[in-house]
*Asks:* 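Here it is: the structure, laid out below.
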Amino acid sequence: MKITYYGHACFMVEDGKYRILFDPFLKNNPLVRIDPKDVTVDAILVTHGHFDHTGDAVEISKANRAPIIAPFELTTYFQSKGAITHPMNIGGAYTFPFGRVKLTIAHHGSTTEAGPAGNPCGFLVTMGGKVLYHAGDTGLFYDMKLIGEMNPIDVALLPIGDNFTMGIPDAIKAVEFLKPKIAIPMHYDTFDMIKQDPKQFVEGLRGSSTKGVLLLIGESLSL
Ligand code: NI
Ligand code: MN
């Protein structure tokens, strides 16, 4: 599995055959220089309806004829924009050609400019023999312990920006619950309100069984 950070909560995940993209926010992200037109994917996974997660999803879906996988209410919004979708909901899993996806809870909001968009989610993805957890935008919750007990997580992608989501101390606690082999911080620095020093997250994991890995925008990790 190869994971590439596209800034904010956006990651490309590939297994050599398939490519999936989480929460594309490229064109309007001041820190990102990636053109959505250059992105090729088999599926797009969107955690909730906020603009910094839905960003370029419709454009990339149409250009690639790739489905947007998201909570049901959010898929109805994407359908109204002409995108192909695959609706799911919390606790449900489905096996796609690229791998298995399960939706987890996330404590956050979910609205688009068209109105409420159901519940936000996180994603557990099994692909290429590895298990990846994208937490979405969320506060810390104790059920992360259950997610960790039931799933041998290879990589956890966790928000650390504070203000809208977990901050660094809570994200370190989340790692303790989830017990992933690797934890990668996300959802920081994009806006003034979420400025953080991600090195504090990586340093906070020293001595634990999880390795913190900091990816700069455009950088990849292979495992
Ligand atoms: Ni959000
Ligand atoms: Mn967000």
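Start at 1 and go down the list; that is how both ligands and their atoms are numbered. Not measured: the values here are computed from a predicted model. All values below were derived from every heavy atom in this structure, side-chain atoms included, with hydrogens, water molecules and symmetry-related copies excluded.
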*Asks:* Round to 10° and report the angle made at the Ni ion (ligand 1) by NE2 of H48 and NE2 of H108.
*Replies:*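 With the Ni ion (ligand 1) as the vertex, the angle is close to 100°.
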*Asks:* Got a sec: is H53 within less than 2.8 Å of the Ni ion (ligand 1) via an N/O/S atom?
*Replies:*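 Here the distance criterion (N, O or S atom, under 2.8 Å) is not met by H53, so no.
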*Asks:* Confirm or rule out an N/O/S atom of H108, from backbone or side chain, lying less than 2.8 Å from the Mn ion (ligand 2).
*Replies:*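 It does not: H108 brings no N, O or S atom closer than 2.8 Å to the Mn ion (ligand 2).
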*Asks:* Using a 3.5 Å distance criterion without hydrogens, assess whether the side chain of D23 forms a donor-acceptor pair with backbone atoms of C10.
*Replies:*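 No; zero donor-acceptor contacts below 3.5 Å.
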*Asks:* Which atom pair, heavy atoms only, marks the closest approach of I194 to H187?
*Replies:*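 Reported closest heavy-atom pair: CD1-O, 3.7 Å.
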*Asks:* For atom CZ of F191, is the number of surrounding heavy atoms from other residues, nucleotides or ligands below 6.0 Å larger than 12?
*Replies:*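 Correct, the count exceeds 12.
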*Asks:* Which atom name does H50 have for its N/O/S atom nearest to the Ni ion (ligand 1)?
*Replies:*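 Among the N, O or S atoms of H50, the one closest to the Ni ion (ligand 1) is ND1.
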*Asks:* If you check every N/O/S atom of H53, which is the one nearest the Mn ion (ligand 2)?
*Replies:*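 Per the distance ranking, H53 contributes NE2 as its closest N/O/S atom to the Mn ion (ligand 2).
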*Asks:* Between the main-chain N or O of M127 and the side-chain N or O of D15, is there a donor-acceptor pair closer than 3.5 Å?
*Replies:*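 Not confirmed, D15 side chain does not pair with M127 backbone.
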*Asks:* What is the name of the N/O/S atom of D52 that is nearest to the Mn ion (ligand 2)?
*Replies:*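 It is OD2, the N, O or S atom of D52 closest to the Mn ion (ligand 2).
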*Asks:* Pick one: which of T165, T47, D137 meets side chain to side chain donor-acceptor pair (under 3.5 Å) with H108?
*Replies:*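 Among the candidates, only D137 passes.
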*Asks:* With distance as the sole test, does T112 use its side chain to make a donor-acceptor pair with the main-chain N or O of A114 at under 3.5 Å?
*Replies:*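 Present.
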*Asks:* Which N/O/S atom belongs to D137 and is the closest one to the Ni ion (ligand 1)?
*Replies:*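 Atom name returned: OD2.
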*Asks:* Does T40 offer a backbone N or O that forms a donor-acceptor pair with the side chain of R19 under 3.5 Å?
*Replies:*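 Flag set: sc R19 to bb T40 pair under 3.5 Å.
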*Asks:* Taking backbone and side chain together, does D52 place any N/O/S atom at a distance below 2.8 Å from the Ni ion (ligand 1)?
*Replies:*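 It does not: D52 brings no N, O or S atom closer than 2.8 Å to the Ni ion (ligand 1).
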*Asks:* What N, O or S atom of D137 is found closest to the Mn ion (ligand 2)?
*Replies:*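 Minimum-distance N/O/S atom of D137 relative to the Mn ion (ligand 2) is OD2.
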